[in-house]
Amino acid sequence: MADLHSPILSWYAENARDLPWRRPDATPWGILVSEIMLQQTPVVRVLPIWLEWMERWPTPKDLAAQPSGEAVRHWGRLGYPRRALRLHACATAITEEHGGEVPSDHATLLALPGIGEYTAAAVASFAFAGRHAVLDTNVRRVFARAVRAEEYPPTATSAIERRLAESLLPEVGAPTWGVAVMELGALVCTARAPRCADCPIADRCAWRLAGKPPHAGPARKGQTYEGTDRQCRGRLLAVLRNAHGPVPKEALDVVWDDAVQRERALDGLVADGLTEVLDDGTYRLPG
DNA sequence: GAGGCGTGGCA
DNA sequence: TTGCCAAGCCT
């Protein structure tokens, strides 16, 4: 395989976006928050929320001092609000068990709520200059195409992908390499309409050289949303976010017609810790 | 390992 | 218009 490092690193030096969590003054906490917010969520939607969080809660201790419901409220419409809850739990664990400092060790990060394999590697790498393979959807797609001549990576991350990513990890400069490949996947080697004309490794991309064969395996399942419990939960939680105190149940009833589904969704929100029922039967974000 | 979990923009 | 997709994690 022809070398990928030089062209990708050169491309990144010229084309990297100026994102606040990539600047030299970004703290490990800021980087951790950005990684959680960016899970399944585009940069443009994360930016304003991240800036607000950093001003409001510049350290883990600041967030831990607030009720978890405040994290959910200021999550806004980022989606997957359980992430806000887990970030709050993260802040509490960091404050109580790690002296208020974000851990630098991959295994310790992995043990924190809401932090999985990818996020642990990303924080250890980007915040602490650790040498870890960061395998997110962008990196997996770039390698699937450039090396394996496949349009898309498999559904679940495989051992083969991990070995490949680790074998490509430079001895020096692993963090920049990781973010560079991610950026290439995000801006050029995109899922739907890759901009091969702008790609620094187009001349050696196995998938392009093979004539860009379309994805062969089983169709990748798309997720429906209209009419699901998820949509219902989103509407219910939006009511609680926008209220500044407890709301009567009637205020929730009006946002979803199907009573059976509505009750199920509401019970789910309570079970997940995203909603609290008070003694008088009103609802609010966790206080 | 498959399914659940929000939201909005774009091809 | 409507699926598809976006720096995943947890059960």
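Each chain gets a letter, A, B and so on, in the order its sequence line appears, and its residues count up from 1.
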Donor-acceptor pair present, A:Arg230 side chain and B:dG6 base, under 3.5 Å
yes
So that I can tick it off, tell me whether [Y] and [X] are bridged by a salt bridge, with the cut-off set at under 4.0 angstrom between side-chain N and carboxylate O.
X	Y	answer
A:Arg131	A:Glu171	yes
A:Glu161	A:Arg140	yes
A:Glu70	A:Arg73	yes
A:Arg56	A:Glu52	yes
A:Lys249	A:Asp253	yes
A:Arg17	A:Glu183	yes

Touch check for A:Gln231, heavy atoms < 4.0 angstrom, all strands: base, sugar-phosphate only, or nothing?
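Result for A:Gln231 = nothing.
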Would you mind classifying the nucleic acid contact of A:Thr190 as base, sugar-phosphate or nothing, using non-hydrogen atoms under 4.0 angstrom?
nothing
Could you give the [atom1]-to-[atom2] distance, from [X] to [N], as a whole number of Å?
X	N	atom1	atom2	value
A:Trp50	C:dA6	CH2	P	23 Å
A:Tyr118	C:dC9	OH	P	8 Å
A:Tyr225	B:dG3	OH	C1'	17 Å
A:Asn138	C:dG8	CG	P	7 Å
A:Asp229	B:dG6	CG	P	10 Å
A:Ile49	B:dG6	CD1	C1'	13 Å
A:Leu112	C:dC9	CG	C1'	13 Å
A:Asp272	B:dC5	CG	C1'	9 Å

Establish, with yes or no, whether the OP1 or OP2 oxygen of B:dG1 is under 4.0 angstrom from a side-chain nitrogen or oxygen of A:Thr155.
no
Suppose we screen for side-chain hydrogen bond (donor to acceptor under 3.5 Å, both in side chains). Which residues come up paired with A:Arg264, at least two apart in sequence or across chains?
A:Asp229
On DNA chain B, does the nearest nucleotide to A:Ala193 precede the nearest nucleotide to A:Thr228 from the 5' side, or the other way round? Give the residue.
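Its nearest nucleotide lies further toward 5', so the answer is A:Thr228.
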Which atom of [X] lies closest to which atom of [Y], heavy atoms considered:
X	Y	answer
A:Leu168	A:Leu4	CD1-CD1, 4.4 Å
A:Arg145	A:Thr190	NH1-O, 2.8 Å
A:Ile31	A:Trp21	CG1-O, 3.6 Å
A:Arg195	A:Leu187	NH1-O, 3.1 Å

Quick one: on DNA chain C, does A:Gly114 or A:Phe126 contact a more 5' nucleotide (nearest heavy atom)?
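Nearest nucleotide further toward 5': that of A:Phe126.
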In sequence, state the C-alpha distance, the side-chain angles, and the governing distance for A:Thr282 and A:Val247, and then conclude on side-chain contact (heavy atoms from CB on, under 4.5 Å).
CA-CA 5 Å; A:Thr282 58; A:Val247 306; over 6 Å; no
Does anything in residues 233-255 of chain A reach DNA chain B, meaning a heavy atom under 4.0 Å, and if so which residues?
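When residues 233-255 of chain A is checked for heavy atoms under 4.0 Å from DNA chain B, the hits, listed by number, are A:Arg233, A:Gly234, A:Arg241.
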Among residues 31-46 of chain A, which contact DNA chain B at a heavy-atom distance under 4.0 Å?
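By residue number: A:Gln40, A:Thr41, A:Arg45.
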So that I know where these two stand, are A:Trp57 and A:Trp29 an aromatic pair - ring centroids less than 6.0 Å apart?
no
Between [N] and [M], how many Å separate the two [atom1] atoms, rounded to a whole number?
N	M	atom1	result
B:dT7	C:dT11	C1'	23 Å
C:dA7	B:dA2	C1'	23 Å
B:dG3	C:dC4	P	15 Å

Give the ring-plane orientation class for A:Trp53 versus A:Trp75, where under 30° counts as parallel, over 60° as perpendicular and anything between as tilted.
perpendicular
Selection: residues 68-97 of chain A, any non-hydrogen atom under 4.0 Å of DNA chain C:
A:Arg86
Just the atom pairs and distances: protein N or O near nucleotides 1-5 of chain C's N or O, under 3.5 Å.
residue: C:dG3; atom: N2; partner: A:Arg192; partner atom: NH1; Å: 3.0
residue: C:dC4; atom: O2; partner: A:Arg192; partner atom: NH1; Å: 3.3
residue: C:dC4; atom: O2; partner: A:Arg192; partner atom: NH2; Å: 3.0
residue: C:dC5; atom: OP1; partner: A:Arg220; partner atom: NH2; Å: 2.6
residue: C:dC5; atom: OP2; partner: A:Arg220; partner atom: NH2; Å: 3.1
residue: C:dC5; atom: O4'; partner: A:Arg192; partner atom: NH2; Å: 3.4

Test of understanding: with salt bridge (Lys or Arg N to Asp or Glu O under 4.0 Å), list the residues that count as partners of A:Arg45, not counting sequence neighbours.
none
